[in-house]
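See structure below.
Worth saying up front: this structure is predicted, and the values here are computed from it rather than measured.
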Amino acid sequence: MDQDVELQEELSGIVTAVLYSNVENGYTVLRLRDSDDQQQTVVGCFPYMAPGESIIATGTWVTHATYGKQFKAGYAIRMLPTTTDEIYAYLAGGAVKGIGAATASLIVNTFEGRSLDILENHPEKLAEIRGISLSRAKEFSEFYRQQAGMRHLIDFVCSYGVRPIIAVRLYRFYAEHALETLHTDPYIIASNHIGGTFSEADTMALQLGFATDSLERVRAAIRFELVHNLNNGHCFIPEPDLLQASCRLIEVEEEAAMHGMDDLVESGQIIRENMRGRNICYLPELYEAETYVASRLVSMSRQPVSGSTDVTALIRKIEQSEGIAYASAQKEALELALSNRLLIITGGPGTGKTSCIRAILELFDAMGVKAFLTAPTGRAAKRLSELSGREASTVHRLLGAKYDDTGEKVLFSKNERDPLDCNAVVLDESSMVDLLLLAALLRAMPENARLIMVGDIDQLPPVGPGNVFRSIIESKTFPTVRFTEIFRQSGESLIVRNAHLINEGTHPDFSANTADFFRLKRLEAASSVETITELCAVRLPNRMHIPPEDIQVLSPTRKGELGTINLNRSLQQALNPARQDKAEKLYGDTVFRVGDRVMQVRNNYDIIWQTVDGKTSGTGIYNGDIGYIRKLDAVNESLEIDFDGKLALYSFTNLNELDHAWAVTVHKAQGCEFRAVVFALSASSRMLMTRSVLYTGITRAKELLILVGDENVAFRMIDNQRRDPRFTFLKTRILAAAGGSEGNIRP
């Protein structure tokens, strides 16, 4: 059995109190008197639950970090009360809107055990009771029937293995017609507004007797394939490819798939467009994002900048105050930043991008231009803040990201209706920004604001859809400055020099173990693991006085002997071994222990944190944030993690969002910078053995880079210039919006 799958238990009893209930998503906290006459706290999706109901809940025992031991129910069989006393408790407890203790007493004294049947089916009889008018009786009955409909709907969907939250969303949209709608097309579960999975919908549909080639099934399969491919970075899928994948998924003929495609296009659930003589298919939100980003960027670039400024004098003044002489490319970037609403700056390590950002901010200050600094990840924002001396935040935090009522879809509070209060945005690490995130940022920017995009075009593309930064630069439509000159201090660094050689496709001389770049040849994976562990635990701390917390091990892959999973096991044993005074928690086959270095692996906008001094608090820990476990409470099943001075409290149920982080993949390290990097030269899949992966990994090192392994692995990566193709037409749409102009790209 998979150790990550928790053992399901049953808990039965009578509801004695409802402590909290969210009418939007059905989330409820209740008190239950169990069969042993003990009071238990139960949480789960129980719309319109009221005292007096009996339930049999299926779920697991958990310990909430704040509220203690709870039974977390995934599903519950609900039974209405049958005895007179139970019915009174049910009605008096507020089960039906408008009925309180006094009215409940009148109803139960009159109808006894038939009270609920009268309430649901014979409201006119309620009006026979003195003090209850016919209109009030009908209101009581209508509300009670709504509750009954919701209960029936939950029972129905859960009997097919569908989550109860899906029933809540169905009822919100279709009310009393929800069951009828499900019988007509159960694949409505997998639609955007309901948010179920294709698997949930397909299981129900086939059990309900839908044909394997039904129109409903084919449409759902096509949408599933389109959504699934967002994870591969695609904004659209060519229609022939999409049809073929859908046919394979559900084993139907192409004719049926084509019929389903036409129906989806006609209903607006898929946008089909002919580009360059072939049909391509988008989800509407991706199509809107791609067309919007293209038109907005072109519109921004054409907006004139009012006012006149003696740019040369301003630059000279900043040079004097900073004690620096800017290179010609940097001066050009400064001039363009003042005369344009959109500027793109790209360049490799050591070429002066950060110095240019600082100078641009100084210029904006002198002109009274209010600027916000932002980056895609928490560590990238922290690094930007440290290097610029200004406050910087993640894009998600800047835009006020939060979950919707379903807890699954991300919404941004800053948008066209409530824009950012600024005149300019400086976006660093722009190569990591996907299409949807840039669209959200642009929508939140005031109409006359400036955007400065800074990044390295040769780094890895974003995890999400699109290859935005590259598409924008390759359109040659906007003012773009490419920094190529390596400054003297950086030029003395082998890290910088070798990174540029690698980017050019040249094999560096890895045997020149001098300055800040070393290669330790190891031909066996086990020997490499041993060497990497020794470097982090002994050699670098003792000989070079670099503490383990300043060392980051990188690998192209998670799997294999030199993958991050195995490396983290070895590093944990060396750097944070088990001790009697160190609390730990076994989660699946992973041990989390006080002192462990961990990484948040997905955005969580709800986790509450406060600074170590207790003066500042907030919500949200983001994908890529690295911290250390400070406390682990086995009794309350919680742990406290220090993320660079922000203390966050986690429940054990959040452990699936954490990975050990002494070793991380190159993809996870993107946007970060570390004092020392140990790079595991691990032969893995061809898609990871690329020049951009090696280049991105090496450029994470600030003071020291050590390659461990077979240099031939590095040479194969340098020779593999493969860039996974991404289906996006952003560049084409930019050119079309600009009237086909090729523009200029400045060297």
Side-chain angles (χ1 to χ4, degrees), residues 187-188 190-198 201 215-250 254 257-299 408-412 415-416 433-443 461-472 474-475 723-738:
Y187 291 98
I188 197 73
S191 61
N192 278 349
H193 63 290
I194 303 300
T197 67
F198 174 77
L215 178 61
E216 295 83 2
R217 188 170 191 245
V218 171
R219 288 185 311 191
I222 293 171
R223 278 190 50 82
F224 169 78
E225 287 292 345
L226 206 47
V227 171
H228 175 74
N229 274 283
L230 296 181
N231 298 325
N232 296 325
H234 300 309
C235 299
F236 66 84
I237 300 294
E239 186 176 35
D241 297 352
L242 183 54
L243 290 171
Q244 187 179 28
S246 303
C247 289
R248 284 199 304 267
L249 176 67
I250 57 174
E254 187 174 349
M258 291 176 66
H259 183 40
M261 179 73 75
D262 291 340
D263 190 81
L264 285 167
V265 171
E266 186 175 342
S267 63
Q269 296 180 62
I270 283 181
I271 306 296
R272 181 168 60 194
E273 189 176 29
N274 188 276
M275 296 286 280
R276 297 179 181 172
R278 63 174 178 170
N279 285 339
I280 60 175
C281 299
Y282 288 85
L283 290 171
E285 58 267 31
L286 267 296
Y287 179 80
E288 291 167 9
E290 194 171 83
T291 53
Y292 171 77
V293 167
S295 62
R296 179 69 195 276
L297 290 177
V298 171
S299 175
E408 296 179 6
K409 185 178 180 181
V410 178
L411 302 176
F412 296 103
N415 48 43
E416 298 97 331
V433 177
D434 66 36
L435 181 66
L436 293 172
L437 189 58
L438 181 60
L441 177 61
L442 290 172
R443 288 190 175 103
V463 174
N467 199 346
V468 175
F469 196 54
R470 178 171 289 276
S471 296
I472 291 172
E474 289 183 348
S475 74
R723 295 185 184 275
D724 288 332
R726 295 191 168 203
F727 292 127
T728 172
F729 268 124
L730 179 60
K731 172 184 171 181
T732 301
R733 296 188 191 283
I734 290 172
L735 290 170

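Separating the CZ atom in Phe224 from the CG atom in Asn229 is a distance of 9.5 Å, to the nearest 0.5 Å. Of the inter-residue distances, the one linking Leu730 atom CG with Leu297 atom CG reads 7.0 Å to the nearest 0.5 angstrom. Considering CG of Leu215 and CZ of Arg217, their distance stands at 13.0 Å, rounded to 0.5 Å. Atom CG of Asp262 is separated from atom CZ of Arg219 by 12.0 Å, given to the nearest 0.5 angstrom. Rounded to the nearest 0.5 angstrom, Gln244 CD and Glu254 CD are separated by 8.0 Å. Of the inter-residue distances, the one linking Ile472 atom CD1 with Arg470 atom CZ reads 12.5 Å to the nearest 0.5 angstrom.
Closest heavy-atom contact between Ile270 and Cys281: CG2-CB, 3.9 Å. Here the closest non-hydrogen pair linking Tyr282 and Cys235 is CD2-O, 3.3 Å. Considering every non-hydrogen atom in both Ser475 and Leu735, the closest pair reads O-CD2, 3.4 Å. Asn467 and Pro462 make their closest contact through OD1-CD, 4.1 Å (heavy atoms, listed as atom of the first residue, atom of the second, distance). When all heavy atoms of Ala289 and Leu436 are compared, the pair lying nearest together is CB-CD2, 3.9 Å. The shortest heavy-atom contact between His234 and Pro725 is CE1-O, 3.2 Å.
For residues 278-291, the salt bridge (Lys or Arg N to Asp or Glu O under 4.0 Å) pairs, not counting sequence neighbours, are Glu290-Arg733. Residue pairs satisfying the salt bridge (Lys or Arg N to Asp or Glu O under 4.0 Å) criterion with at least one member in residues 228-249, sequence neighbours excluded, are listed as follows: Glu239-Arg272.
Side chains of Val433 and Phe469 form no contact here, defined as non-hydrogen atoms less than 4.5 Å apart. Taking the side chain as every heavy atom from C-beta outward, Val218 and His259 never approach each other to under 4.5 Å. The shortest distance between side-chain heavy atoms of Asp434 and Val468 does not fall below 4.5 Å. Looking at Tyr187 and Phe198, their side chains come closer than 4.5 Å, going by heavy atoms from C-beta outward. The closest side-chain heavy-atom distance from Leu283 to Arg223 is below 4.5 Å. Taking 4.5 Å as the limit, some side-chain heavy atom of Ile237 sits within range of a side-chain heavy atom of Phe727. Side chains of Arg726 and Pro461 form a contact here, defined as non-hydrogen atoms less than 4.5 Å apart. Using a 4.5 Å heavy-atom cutoff, the side chains of Leu242 and Leu226 are in contact.
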Next on the checklist: Walk me through whether Asn279 and Phe236 qualify under side-chain contact (heavy atoms from CB on, under 4.5 Å).
Outcome noted: CA-CA 10 Å; Asn279 285 339; Phe236 66 84; over 6 Å; no
Next on the checklist: Evaluate Tyr292 against Arg443 for side-chain contact (heavy atoms from CB on, under 4.5 Å), listing each step before the verdict.
Outcome noted: CA-CA 9 Å; Tyr292 171 77; Arg443 288 190 175 103; 3.4 Å; yes
Item to check | Intermediate values then yes/no, side-chain contact (heavy atoms from CB on, under 4.5 Å), Leu243 and Ser246 | outcome: CA-CA 5 Å; Leu243 290 171; Ser246 303; 5.8 Å; no
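If you check the side chains of Thr732 and Arg276, you find a donor sitting under 3.5 Å from an acceptor.
Other residues, nucleotides and ligands contribute more than 12 heavy atoms inside 6.0 Å of the CD atom of Glu416.
Side chain of Ser299 to main chain of Ser295: no donor-acceptor pair is present (N/O by atom type, distance under 3.5 Å, no hydrogens or angles).
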